[in-house]
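Contents: one structure, followed by commentary.
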Amino acid sequence: MKGYPETEMCKRCEGECCRLQSGHCLPSEFESAEAVRAAVESGKYTIILLLDSHITARVVRPHYKDPGQRTGCIFLHENGCELPLSARPYGCRMLRPRERDGEHCKPEGISIEEAGRMWEQSGYLPPIWKCL
């Protein structure tokens with residue numbers, strides 16, 4: 001399993017990235033369309049629409065802590081992420097923590113756009129009209 005564990009910098013910044021939004025999942029993190037449906041129905045995961053000039057696709061990610069503002073990660077708490085590193089979504093594990101104040105964390109690996117294409121090809125998502 002690839003990924004970056006939390007560092008002292010993560011603890012100091014108190015999950016600034018996670019307070020904005022969670023990382024994306026990959027279809028390989030789920031075994032079937034039924035597993036995706038169960039995750040979404042649990043309220044812990046959601047399907048988001050990527051819609052810009054480069055892509056129209058959907059991605060599964062942890063649900064927002066504040067759905068009205070579409071911010072935060074449901075798994076982020078005062079003492080950090082409730083999920084162990086091995087259970088975190090791909091986009092969370094592959095966020096390389098910044099090393100110094102003033103820097104930004106750097107997403108690595110499969111981008112959210114690439115993940116969107118993977119999700120659309122997976123057959124795990126319901127027809128798009130059911131998501132609207």
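FYI, the numbering just counts along the sequence from 1. As a basis for the values below, the full set of heavy atoms in this structure was taken, side chains included, without hydrogen atoms, waters or symmetry mates.
A heavy-atom distance below 4.5 Å is not found between the side chains of C25 and C92. Taking 4.5 Å as the limit, every side-chain heavy atom of H24 sits out of range of all side-chain heavy atoms of W119. Looking at heavy atoms from C-beta onward, T46 lies in side-chain contact with R61 at the 4.5 angstrom threshold. Between P89 and L83, some side-chain heavy-atom pair lies under the 4.5 Å cut-off.
Hydrophobic cluster membership is shared by L125 and V40, with clusters built from Ile, Leu, Val, Met, Phe, Trp and Tyr side chains linked at under 4.5 angstrom. Cluster annotation: I112 and M118 are assigned to distinct hydrophobic clusters (Ile/Leu/Val/Met/Phe/Trp/Tyr, side-chain heavy-atom contacts under 4.5 Å, transitive). Under the 4.5 Å side-chain heavy-atom criterion for ILVMFWY residues, a single connected hydrophobic cluster contains both V59 and Y45. Note: the hydrophobic cluster containing V60 also contains F75 (ILVMFWY, side chain heavy atoms under 4.5 Å, direct or indirect links).
Looking at E29, its side chain does come within 3.5 Å of a backbone N or O of Y90 through a donor-acceptor pair. At distances below 3.5 Å, not a single donor-acceptor pair connects side-chain atoms of S122 with backbone N or O atoms of P27.
The CD atom of Q21 sits 7.0 Å away from atom CD1 of I48, with the distance rounded to the nearest 0.5 Å. Taking NZ from K2 and CG from L85, the interatomic distance works out to 13.5 Å, rounded to the nearest 0.5 Å. The CZ atom of R37 lies 13.0 Å from the OG atom of S42; values are rounded to the nearest 0.5 Å. The CG atom of L50 lies 9.5 Å from the CZ atom of R117; values are rounded to the nearest 0.5 Å. Distance check: S32 OG to Y124 OH gives 6.5 Å after rounding to the nearest 0.5 Å. For the atom pair SG (C17) and CZ (R98), the distance works out to 7.0 Å, reported to the nearest 0.5 Å.
When every heavy atom of C81 is checked against every heavy atom of L76, the shortest pair comes out as N-CD1, 4.3 Å. Across P126 and I47, no two heavy atoms sit closer than the pair CD-CD1, 4.1 Å. Here the closest heavy-atom approach between residue P5 and residue P97 is recorded as O-CG, 4.0 Å.
Checking each of R88, R93, R12 against E6 for a salt bridge (charged side-chain N to carboxylate O under 4.0 Å, His left out) leaves exactly one that passes, namely R88.
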* To do: I would like to know whether I110 and M94 meet side chain to side chain contact (heavy atoms under 4.5 Å, CB included); could you show each step before the answer?
  => CA-CA 9 Å; I110 297 169; M94 295 306 293; over 6 Å; no

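Around CD of E103, the count of heavy atoms belonging to other residues, nucleotides or ligands within 6.0 Å exceeds 12. The environment of CZ in R19 is crowded: more than 12 heavy-atom neighbours from other residues, nucleotides or ligands sit within 6.0 Å.
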